[in-house]
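Report on the following structure.
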Amino acid sequence: MRRIYPVNLFFLRALYDKLPHLELLTGQIMPNFKIVTRFAPSPTGFLHIGGARTALFSYYFARRHGGAFRLRVEDTDKKRSTAEATQAILDGMDWLGIQHDGDVVYQSQNADHHRAAAQAMIESGHAYKCYLTPEEIAAERQKSHDEGRAFRSSWRDGGISPKDAPFVVRFKVPEGQTIIHDEVMGEVKWSNKDFDDLILLRADGSPVYMLAVVVDDHDMGVTHVIRGDDHLINAGRQKLIYQALGWDIPVFAHVPLIFGPDGKKLSKRHGALSIDAYADMGYIPAGLRNYLTRLGWSHGDMEIFGDSEVTSIFELGDINKAPARLDFDKMAFINGEHMVRSAYHTLLSYAQRFFENKNNGPMNCAQMDRLIAALPHITSRANTLIELADQAFFVTRERPIEITGKAKKSLKPDAEVRLRDLHFILSGVKQDAWLDQNILEHLQAYITKEDIGFGKIGAPLRACLTGGAPSPDLSLVLELLGQEEALGRIEDCLNTYF
RNA sequence: GGCCCUAUCGUCUAGCCUGGCCCAGGACACCGCCCUCUCAAGGCGGAGACACGGGUUCAAAUCCCGUUAGGGCUACCA
């Protein structure tokens with residue numbers, strides 16, 4: 001099994017800080033990595049659940065091969081990019097537990113290089129200046145649409161350039177056809193006739209995405225481009241640009257989009273789009289990583305797994321070609337499996353805010369002690385942190401406890417004598433014998449002596465101990481509550497309801 | 001309109017490349033039983049799918065063609 005971090009990465013990281021930023025983009029920084037992947041979100045919002053999965057795939061693939069996983073912010077569209085969005089994405093990745101290698105690369109900072117590439121293509125005849133006015137473009141676009149063909153500018157074969165007129169730089173799509181061998185989709189073929197003469201540089205000289213990705217991926221030494229399949233056609237366009245520039249073409253892997261539970265494209269309508277929405281629903285990072293990875297990727301019958309397992313087997317070819325739907329039931333189940341497997345302080349740190357929320361505020365020491373004791377016993381009863389807080393409620397709620405619903409119905413008149421007897425018996429148990437098994441023996445001795453079923457004492461006792469909140473075995477409830485608290489709750493009940 | 005991608009239980013999927021081991025396996029959810037002091041958990045069992053139509057073949061979920069249905073792209077967005 002591979003190490004998550006090659007040792008020399010730490011050395012390289014120290015090196016980064018000392019280098020000017022642009023050097024980072026030369027791709028020579030990570031010479032030891034045969035495999036380099038990247039996640040390249042545009043900072044226009046939060047970290048999307050689909051983006052998170054793509055990032056996860058890129059991350060695992062890089063780790064699998066001892067490669068580097070890089071993060072690049074695609075902020076060439078300044079109007080739509082915000083610093084808050086960038087931070088939200090960084091925070092989302094951090095929470096999910098995906099660590100990128102090296103510094104974050106900002107695409108906008110490499111604009112000079114993008115322009116240089118465009119210039120090189122003009123010089124080599126692979127790109128041209130286009131002086132079409134917006135009206136002329138609209139007309140030509142309409143015409144090409146009607147004729148069922150791609151956009152072509154009348155300037156692609158040159159002409160006498162108007163003085164001082166604004167122009168854009170367009171890519172001159174060559175004749176022929178373009179084939180890529182996508183790791184997920186397989187062989188995909190286009191006729192170049194179907195590609196527009198796309199814009200490389202805007203009229204203000206700023207680079208457009210299609211150019212910037214190619215240049216940046218090349219500069220960063222990206223070997224495997226893993227992204228959403230909404231980019232599939234872009235792979236064809238970009239291959240042409242790589243060829244025009246005379247650069248090596250990376251391996252492409254286009255992963256299908258995720259759909260909502262209803263099979264429709266994921267949208268605001270589905271509510272949970274951002275990673276923190278899932279955090280708020282009580283999922284833990286390890287669980288979400290497992291679910292997201294398993295959604296659209298499989299390895300035999302493997303369902304529950306952690307990072308190290310995935311890291312040892314992940315291959316792009318095992319990603320499914322068809323889009324997958326989100327299934328919250330399964331997500332919860334997998335999350336539950338990971339909650340049980342979590343180190344207990346890890347679980348506690350994620351669960352803390354849910355406990356406090358349930359408690360309507362911070363907990364005191366007594367509550368905290370009881371909670372910590374109870375945690376190992378209730379975790380298997382919950383699939384999300386919200387459920388965990390519900391399951392823990394019986395132990396943290398404060399006296400006097402309000403008894404509600406079905407629980408209240410069990411407090412029939414004949415229960416009073418049982419509760420008084422039990423209070424007496426339990427009072428006699430020594431502090432250091434206040435343990436699940438021992439308590440159970442006392443309870444059983446009582447029902448044997450009285451010749452009654454456990455139900456006769458179980459229901460009312462549980463009612464005054466928990467108030468009707470979910471709870472485990474009765475004797476365990478007693479142990480977890482502690483003798484003093486348990487007896488107190490029984491007294492409260494006796495005083496209030498009888 | 002043009003180009004491209006996809007299609008196995010309700011859902012996620014295995015199998016498809018290299019036809020026969022598949023009257024299709026696993027997981028979630030669902031139903032039943034067991035356990036039982038509540039609710040869970042756990043154990044056991046059940047129902048449930050090759051989108052449709054043509055081919056090719058002794059044999060097709062698997063190969064080919066078409067149909068249908070979803071989806072993507074078609075910006076001086078990414």
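When reading the values below, keep in mind they use all heavy atoms of this one structure, side chains included, and skip hydrogens, waters and symmetry mates. Order of the sequence lines sets the chain letters (A, B, ...), proteins ahead of strands, with each chain counted from 1.
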Notebook entry, point to check: What residue among A:Leu201, A:Val169, A:Val215 forms side-chain contact (heavy atoms from CB on, under 4.5 Å) with A:Pro207?
Noted result: A:Leu201

Check: A:Ile241 pairs by side-chain contact (heavy atoms from CB on, under 4.5 Å) with which of A:Val213, A:Val214, A:Val173?
Finding: A:Val214

Distance between the [atom1] atoms of [N] and [M], in whole angstroms?
{"N": "B:C64", "M": "B:C28", "atom1": "C1'", "value": "36 Å"}
{"N": "B:U6", "M": "B:G42", "atom1": "C1'", "value": "39 Å"}
{"N": "B:G20", "M": "B:A60", "atom1": "C1'", "value": "9 Å"}
{"N": "B:C65", "M": "B:A29", "atom1": "P", "value": "40 Å"}
{"N": "B:U8", "M": "B:U62", "atom1": "C1'", "value": "11 Å"}
{"N": "B:C17", "M": "B:A51", "atom1": "P", "value": "16 Å"}
{"N": "B:A27", "M": "B:G15", "atom1": "C1'", "value": "16 Å"}
{"N": "B:A14", "M": "B:A24", "atom1": "C1'", "value": "10 Å"}

Salt bridge or not for [X] and [Y], using N-O below 4.0 Å?
{"X": "A:Arg152", "Y": "A:Glu140", "answer": "no"}
{"X": "A:Arg80", "Y": "A:Asp77", "answer": "yes"}
{"X": "A:Arg489", "Y": "A:Asp492", "answer": "no"}
{"X": "A:Glu303", "Y": "A:Lys330", "answer": "yes"}
{"X": "A:Glu74", "Y": "A:Arg72", "answer": "yes"}

Separation of [N] [atom2] from [X] [atom1] (nearest whole Å):
{"X": "A:Met339", "N": "B:A40", "atom1": "CE", "atom2": "P", "answer": "17 Å"}
{"X": "A:Lys264", "N": "B:U11", "atom1": "NZ", "atom2": "C1'", "answer": "16 Å"}
{"X": "A:Asn290", "N": "B:U13", "atom1": "CG", "atom2": "P", "answer": "14 Å"}
{"X": "A:Asn192", "N": "B:G2", "atom1": "CG", "atom2": "P", "answer": "20 Å"}
{"X": "A:Phe252", "N": "B:C5", "atom1": "CZ", "atom2": "C1'", "answer": "16 Å"}
{"X": "A:Lys321", "N": "B:C12", "atom1": "NZ", "atom2": "C1'", "answer": "18 Å"}
{"X": "A:His48", "N": "B:C77", "atom1": "NE2", "atom2": "P", "answer": "22 Å"}
{"X": "A:Asp146", "N": "B:G2", "atom1": "CG", "atom2": "P", "answer": "12 Å"}

Item checked: Counterpart residues, ring pair (Phe, Tyr, Trp, His ring centres under 6.0 Å), relative to A:His423 (two or more places apart) ->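 Ring pair (Phe, Tyr, Trp, His ring centres under 6.0 Å) check on A:His423 returns nothing, list empty.
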
Checklist line | Test ring pair (Phe, Tyr, Trp, His ring centres under 6.0 Å) applied to A:Trp434 - qualifying residues, sequence neighbours left out | finding: none

Less than 6.0 Å separating the ring centroids of [X] and [Y]?
{"X": "A:Phe69", "Y": "A:His224", "value": "no"}
{"X": "A:Tyr128", "Y": "A:Trp155", "value": "no"}
{"X": "A:Phe57", "Y": "A:Trp297", "value": "no"}

Next item on the list: Is it possible for you to check whether A:Arg141 lies under 6.0 Å from the centre of the six-membered ring of A:Phe151, through NZ or CZ, and within 45° of that ring's axis?
Entry: yes

What is the base-pairing partner of [N], counting Watson-Crick and G-U wobble geometry with both distances under 3.5 Å?
{"N": "B:U56", "answer": "none"}
{"N": "B:A69", "answer": "B:U6"}
{"N": "B:G45", "answer": "B:C31"}
{"N": "B:A14", "answer": "none"}

Contact class for [X] vs. all strands (heavy atom < 4.0 Å): base, sugar-phosphate, or nothing?
{"X": "A:Thr76", "result": "sugar-phosphate"}
{"X": "A:Tyr291", "result": "nothing"}
{"X": "A:Lys406", "result": "nothing"}
{"X": "A:Met210", "result": "base"}
{"X": "A:Pro472", "result": "base"}
{"X": "A:Gly468", "result": "nothing"}

Check: Taking the nucleotide of RNA chain B with the closest heavy atom to each, which residue, A:Phe259 or A:Leu295, is nearer the 5' end?
Finding: A:Leu295

Notebook entry, point to check: How do A:Pro207 and A:Asn320 order along RNA chain B: which one's closest nucleotide is nearer the 5' end?
Noted result: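 Per heavy-atom nearest nucleotide, the more 5' residue is A:Asn320.
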
Note to self: So if I take residues 453-466 of chain A and measure heavy-atom distances to RNA chain B, which residues fall below 4.0 Å?
What the structure shows: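 Heavy-atom contacts with RNA chain B come from A:Phe454, A:Arg462.
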
Notebook entry, point to check: What are the residues of residues 408-424 of chain A, sorted by number, that bring a heavy atom to within less than 4.0 Å of RNA chain B?
Noted result: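 Nucleic-acid contacts, sorted: none.
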
Note to self: Whether the side chain of A:Gln483 engages the backbone of A:Leu426 through a donor-acceptor N/O pair (distance < 3.5 Å, no angle test) should be reported.
What the structure shows: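 Yes.
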
Notebook entry, point to check: Can you check whether A:Ser298 has a side-chain N or O nearer than 4.0 Å to OP1 or OP2 of B:A14?
Noted result: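 Checking B:A14 against A:Ser298, a side-chain N or O does come within under 4.0 Å of OP1 or OP2.
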
Report all interatomic pairs (protein N or O, nucleotide N or O of nucleotides 72-76 of chain B) with separations under 3.5 Å.
residue	atom	partner	partner atom	Å
B:G72	OP1	A:Lys265	NZ	3.0
B:C73	O2'	A:Arg237	NH2	3.4
B:A75	OP2	A:Arg141	NH1	2.7
B:A75	O5'	A:Arg141	NH1	3.2
B:C76	OP2	A:Arg141	NH2	3.4
B:C76	O2	A:Ala203	N	3.0

Next item on the list: Please check if any side-chain donor atom of A:Asn335 sits under 3.5 Å from a side-chain acceptor atom of A:Tyr291, or the reverse.
Entry: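 There is no such pair (donor and acceptor under 3.5 Å, judged by atom type) between the side chains of A:Asn335 and A:Tyr291.
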
Notebook entry, point to check: Parallel, tilted or perpendicular: which fits the ring planes of A:Phe252 and A:Tyr242, with parallel below 30° and perpendicular above 60°?
Noted result: perpendicular

Checklist line | Validation row: A:Ser312, A:Arg64 side chains within 4.5 angstrom (heavy atoms) | finding: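 No; the side chains remain at least 4.5 Å from each other.
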
Check: In the 5'-to-3' direction, what one-character label does each nucleotide of nucleotides 26-34 of chain B receive under the scheme B = base within less than 4.0 Å of a protein heavy atom, S = sugar-phosphate only, - = no such atom?
Finding: BBBS-----

Note to self: Let's see if you can work this out: which of B:C4, B:C12, B:C37 has an atom nearest to the side-chain heavy atoms of A:Ser475?
What the structure shows: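 Ranking B:C4, B:C12, B:C37 by closest atom to the A:Ser475 side chain puts B:C37 first.
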
